[in-house]
**Q** 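What follows is a single structure, and I will ask about it in a moment.
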Amino acid sequence: VELAIFFHDVVYDAAGGGGGKNERDSALVLLEFCESALGGGYAAAQRVARWIEMTAHHRCDAETEADCRFFMDFDMAILAAPPA
């Protein structure tokens with residue numbers, strides 16, 4: 001979950017990153033980091049990359065891992081905050 005939080009908006013192009021492009025590019029940065037830092041030995045990298053890509057639509061179902069659902073809630077929590 002921590003890696004998903006740190007990497008999920010590492011690529012953010014407000015003008016050209018729509019349609020899931022920012023999320024796909026952020027997931028690629030995570031995978032490249034894991035490959036570089038760990039020699040590809042991080043078994044959960046593909047799973048975390050999928051979670052990052054899911055932030056394009058924030059849809060989970062009953063089959064979605066609890067950690068992913070927690071991450072989605074974390075990412076959307078700002079929308080429930082009272083106005084500043």
**Q** About how many Å separate CG of Asn22 and OG1 of Thr55, when rounded to the nearest 0.5 Å?
**A**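 Those atoms lie 9.0 Å apart.
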**Q** Are Arg50 and Glu23 ion-paired here, with the side-chain N under 4.0 Å from a carboxylate O?
**A**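 No, no charged N to carboxylate O under 4.0 Å.
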**Q** Is there a path of hydrophobic side-chain contacts, each under 4.5 Å between heavy atoms of I, L, V, M, F, W or Y residues, that connects Leu31 with Val10?
**A**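 No, separate clusters.
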**Q** Locate the shortest heavy-atom distance separating Ala27 from Ala49; write the atom from each residue and the value.
**A**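 That closest heavy-atom pairing would be CB-O, 3.6 Å.
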**Q** To the nearest 0.5 Å, what is the distance between CG on Asp75 and CE on Met54?
**A**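 With rounding to 0.5 Å, CG (Asp75) is 11.5 Å from CE (Met54).
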**Q** Can a salt bridge be assigned to the pair Lys21 and Asp25 using a cut-off of 4.0 Å between side-chain N and carboxylate O?
**A**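 Here Lys21 pairs with Asp25 in a salt bridge, since their nearest N and O are under 4.0 Å apart.
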**Q** Quick check against the 3.5 Å criterion: does Arg24 have a side-chain atom that pairs as donor or acceptor with the backbone of Gly19?
**A**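 Yes, because the side chain of Arg24 sits within donor-acceptor range (under 3.5 Å) of the backbone of Gly19.
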**Q** Examine Val11 and Leu28 and state if one hydrophobic cluster contains both, with Ile, Leu, Val, Met, Phe, Trp and Tyr joined whenever side-chain heavy atoms are less than 4.5 Å apart.
**A**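 Per the 4.5 Å side-chain linkage, Val11 and Leu28 are not co-clustered.
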**Q** Quick one: which residue pairs count as a ring pair (Phe, Tyr, Trp, His ring centres under 6.0 Å) with a foot in residues 6-39, not counting sequence neighbours?
**A**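 Sorted pair list: Phe7-Phe33, His8-Phe71.
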**Q** If you define the side chain from C-beta out and look only at heavy atoms, does anything of Met76 sit under 4.5 Å from Leu79?
**A**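 They are in contact (side-chain heavy atoms under 4.5 Å apart), so the answer is yes.
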**Q** Nearest 0.5 angstrom please: His58 NE2 to Asp73 CG, how far?
**A**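 So the gap between those two atoms works out to 9.5 Å.
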**Q** Between atom CG of Asp67 and atom CE of Met72, what is the distance when rounded to the nearest 0.5 Å?
**A**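 These two atoms lie 11.5 Å from each other.
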**Q** Could you state whether Leu38 and Ile52 fall into the same hydrophobic cluster, counting links through intermediate Ile, Leu, Val, Met, Phe, Trp or Tyr residues with side-chain heavy atoms under 4.5 angstrom apart?
**A**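 Yes, same cluster.
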**Q** Quick check: do Glu65 and Phe70 have side-chain heavy atoms less than 4.5 Å from each other?
**A**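 They are not in contact (no side-chain heavy atoms under 4.5 Å apart), so the answer is no.
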**Q** What is the distance from atom CD of Gln46 to atom CG of Leu30, rounded to the nearest 0.5 Å?
**A**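 Interatomic distance, Gln46 CD to Leu30 CG, rounded to 0.5 Å: 9.0 Å.
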**Q** Determine whether a donor-acceptor pair (N or O, by modelled atom type, separation under 3.5 Å) exists between the side chain of Arg69 and the backbone of Cys60.
**A**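 Between the backbone of Cys60 and the side chain of Arg69 there is no qualifying donor-acceptor contact (under 3.5 Å).
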**Q** Once you round to the nearest 0.5 Å, how far does CG of Asp13 lie from OG of Ser26?
**A**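 If I round to the nearest 0.5 Å, the distance is 10.5 Å.
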